[in-house]
Protein chains: 2
Amino acid sequence: MANVLVVDDDPKLLNMLRRTLLYEGFHVFAATNGNEALSEVQAHRPDVIVLDWMMPGKDGIAVMQHLRDANDKALVLMLTAKDAVENRVEGLESGADDYLVKPFAPAELVARIHALLRRPGVELKDEPLAYADLSLDPVTRETRRGERTFELTSKEFDLLRYLMRHPRQVLRREQILEEVWGYDFGGDDNVLEVYIGYLRKKTEAAGEPRMIQTMRGVGYVVREE
Amino acid sequence: MANVLVVDDDPKLLNMLRRTLLYEGFHVFAATNGNEALSEVQAHRPDVIVLDWMMPGKDGIAVMQHLRDANDKALVLMLTAKDAVENRVEGLESGADDYLVKPFAPAELVARIHALLRRPGVELKDEPLAYADLSLDPVTRETRRGERTFELTSKEFDLLRYLMRHPRQVLRREQILEEVWGYDFGGDDNVLEVYIGYLRKKTEAAGEPRMIQTMRGVGYVVREE
DNA sequence: GAAATGGTTGAGAATTCGCTGAGCGATTCC
DNA sequence: GGAATCGCTCAGCGAATTCTCAACCATTTC
């Protein structure tokens, strides 16, 4: 299911939207301001961004322009308090894909998101991933190191896919746990380490150099050394 | 494999596209202008039409409108030289299913075509399906493994047909249930497993190697191992 | 250089997942 | 009407997977 990022400075509304979308089966992330939004985009690569127009600091337009400059393909659904035509025009010109005027019914939002995802050309992100001689195809679930293919279990696959979606980017432990395991509690749990171990064993089975590097005290990265 | 018609007035580009798509295993037809395109459509009933926007005489839009008037269900992928927003909008409104801006990488075109074909509701014409020594003819309902033919019940047939329409592609359990049984609830139901069992029994009755592989925690694939 | 912190590893327990055989009701065929 | 076929449910087994735990390294801090 699609990843959706919701951005609004009103925590109440934000929480309501989050729950609605979660209930609909989306993978939901949230942010309360523009900068937070951009870092969430970095971290989770959402397919759809529900973006409030008016926010203190970096507003919706600014966030969107930033995204378009970075050539991010996420679909943007703008939320605006007033129905002013000039806003609408300005918004669409700056690259929003759809519009919703507050107040709106949650069901309306859900319908609009589904409509966006149904648009031609919209593909949930499952393109083959590759970095150096490591590659992974989400469609066939084939994983290979150079010429050698290897098998992964489902958790291992999810983890490697997440890592490879962000090559050369250091991912924090909590970030990975949140994304792959869906939780985040600070418990003394070492599942992640164990699974990194599994992946290394399989990706280096023929004596290849290490691709999953440890960033002590922080997390892990996929990177050639 | 799908029939693809490529239409472009530049013979060089046309030839390049033809080869790329042939190499990908598509059945390819070509036309250099609008009228030729329409007669190719008549002759070969393509599943996908790659259509240049700008052509002397009958241009892409005209061809497409003609098709839509004739209620042709072919998927149309428009090629356009400029990224102009108004073009994009006009094109989508007149019924194109996807867009590609020139210049593009051949791999991009291939990916887009695959994406179109993967859309829900898109069904290739009833061509015989084959993968390795497994084959299935939707018209005669004949199924065979090498020289040996075998019988399937109607549900079994539907399931195998669906699997074989997406060879090497891992299909998730829910996807299969949705497509073949028409439902999707998360109930603890094991019809699918049972039917996979039936299919395996029949496709491997003479001791042939397994063709329907289990992807634990995900679903199934038709693939040689 | 000892202690503390953080990461790696192996063993195995707990859990989940998929496969199979038995069987039940509905429909079709004889 | 009885037999065969079909689509399906269910329970139990076995195996793959996920996770926990504890011992063991490695690096940093004091």
Side-chain angles (χ1 to χ4, degrees), chain A residues 141 143 150-163 170-205 207-223 225, chain B residues 141 143 150-163 170-205 207-223 225:
Chain A
R141 291 186 90 85
T143 39
F150 54 91
E151 304 270 313
L152 296 180
T153 71
S154 149
K155 260 281 137 61
E156 291 167 357
F157 187 87
D158 291 348
L159 174 57
L160 184 58
R161 179 175 51 195
Y162 180 58
L163 295 176
V170 176
L171 302 166
R172 281 172 300 102
R173 303 167 38 78
E174 314 85 63
Q175 231 179 110
I176 302 175
L177 282 170
E178 164 96 63
E179 180 74 20
V180 178
W181 274 266
Y183 62 58
D184 186 18
F185 60 87
D188 57 339
D189 187 324
N190 76 331
V191 222
L192 175 54
E193 285 81 350
V194 173
Y195 273 82
I196 291 287
Y198 294 161
L199 284 183
R200 297 220 253 237
K201 197 173 287 174
K202 292 183 177 180
T203 55
E204 302 162 14
E208 296 98 336
R210 176 149 300 187
M211 287 289 273
I212 304 175
Q213 318 297 343
T214 304
M215 305 310 282
R216 199 154 224 274
V218 188
Y220 298 91
V221 216
V222 169
R223 180 188 302 164
E225 214 62 343
Chain B
R141 291 186 90 81
T143 40
F150 54 91
E151 301 277 313
L152 295 181
T153 71
S154 133
K155 260 282 135 65
E156 290 168 357
F157 187 86
D158 290 349
L159 175 57
L160 184 58
R161 181 176 50 195
Y162 181 58
L163 295 175
V170 175
L171 304 167
R172 281 172 300 101
R173 302 168 40 78
E174 314 88 61
Q175 234 179 104
I176 302 174
L177 282 170
E178 166 95 335
E179 184 75 21
V180 178
W181 275 266
Y183 62 59
D184 184 17
F185 60 86
D188 57 339
D189 187 325
N190 76 333
V191 222
L192 177 53
E193 286 81 349
V194 174
Y195 272 82
I196 291 288
Y198 295 160
L199 285 183
R200 296 220 254 237
K201 199 172 288 177
K202 292 183 177 179
T203 56
E204 301 162 14
E208 296 97 334
R210 175 148 300 186
M211 288 290 272
I212 303 175
Q213 317 297 342
T214 304
M215 305 308 282
R216 201 153 222 274
V218 188
Y220 298 91
V221 216
V222 169
R223 180 188 299 169
E225 212 64 340

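Below, read A as the first sequence line, B as the second, and so on, with proteins coming before strands; counting in each chain starts at 1. Values reported hereafter were calculated over all heavy atoms of this structure, with side chains retained and with hydrogens, waters and symmetry mates removed.
- Out of D/dC8, D/dT20, D/dG7, the shortest distance to the side chain of B/V191 is found at D/dC8.
- Judged by distance alone with a 3.5 Å cut-off, no donor-acceptor contact links the side chain of B/Y198 to the base of C/dC19.
- Atom pair B/R172:CZ and C/dC17:P shows a separation of 15 Å (rounding to whole Å applied).
- At distances below 3.5 Å, at least one donor-acceptor pair connects side-chain atoms of A/R200 with backbone N or O atoms of A/I212.
- Comparing D/dT18, C/dG21, D/dC6 by their nearest atom to the side chain of A/S154 picks out D/dT18.
- Rounded to whole Å, the distance from NZ on A/K201 to P on C/dG7 is 19 Å.
- Residues A/L152 and B/K155 each lie close to DNA chain D; by heavy-atom proximity, the contact nearer the 5' end of the strand is made by B/K155.
- Distance A/N190 CG to C/dT5 P: 17 Å, rounded to the nearest Å.
- For the pair B/R173 CZ and C/dT16 P, the computed distance is 15 Å after rounding to whole Å.
- Mapping A/G219 and B/V194 onto DNA chain C by nearest heavy atom places A/G219 closer to the 5' end of the strand.
- Between the P atom of C/dG18 and the CZ atom of B/R210 lies a distance of 14 Å, rounded to the nearest Å.
- You won't find any donor-acceptor pair under 3.5 Å spanning the side chain of B/R216 and the base of C/dG18, going by distance alone.
- Contact between the side-chain N/O atoms of B/T214 and the OP1/OP2 oxygens of C/dC17 is not found at any separation under 4.0 Å.
- Put simply, B/W181 has a side-chain N or O that comes within less than 4.0 Å of OP1 or OP2 on D/dC8.
- A salt bridge links B/E193 and B/R173; the closest N-O separation between the charged side-chain nitrogens and carboxylate oxygens is under 4.0 Å.
- Rounding to whole angstrom units, CG of residue A/L177 and P of C/dG7 are separated by 12 Å.
- Residue-environment remark: CD (A/E204) exceeds the threshold of 12 foreign heavy atoms within 6.0 Å.
- Dashed line: the shortest gap from a side-chain N or O of B/T153 to OP1 or OP2 of D/dT5 is not under 4.0 Å.
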* Asked: Should A/L152 and A/D158 be marked as a side-chain contact (heavy atoms from CB on, under 4.5 Å) after you check the CA-CA gap, both sets of side-chain angles, and the distance that decides it?
  -> CA-CA 9 Å; A/L152 296 180; A/D158 291 348; over 6 Å; no

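- A/Y220 has its OH atom 4 Å from the P atom of C/dT8, to the nearest Å.
- Counting to the nearest Å, the C1' atom of D/dA22 and the CD atom of A/E193 are 14 Å from each other.
- Residues A/Y220 and A/L192 have side chains in contact (heavy-atom distance under 4.5 Å, counting atoms from C-beta outward).
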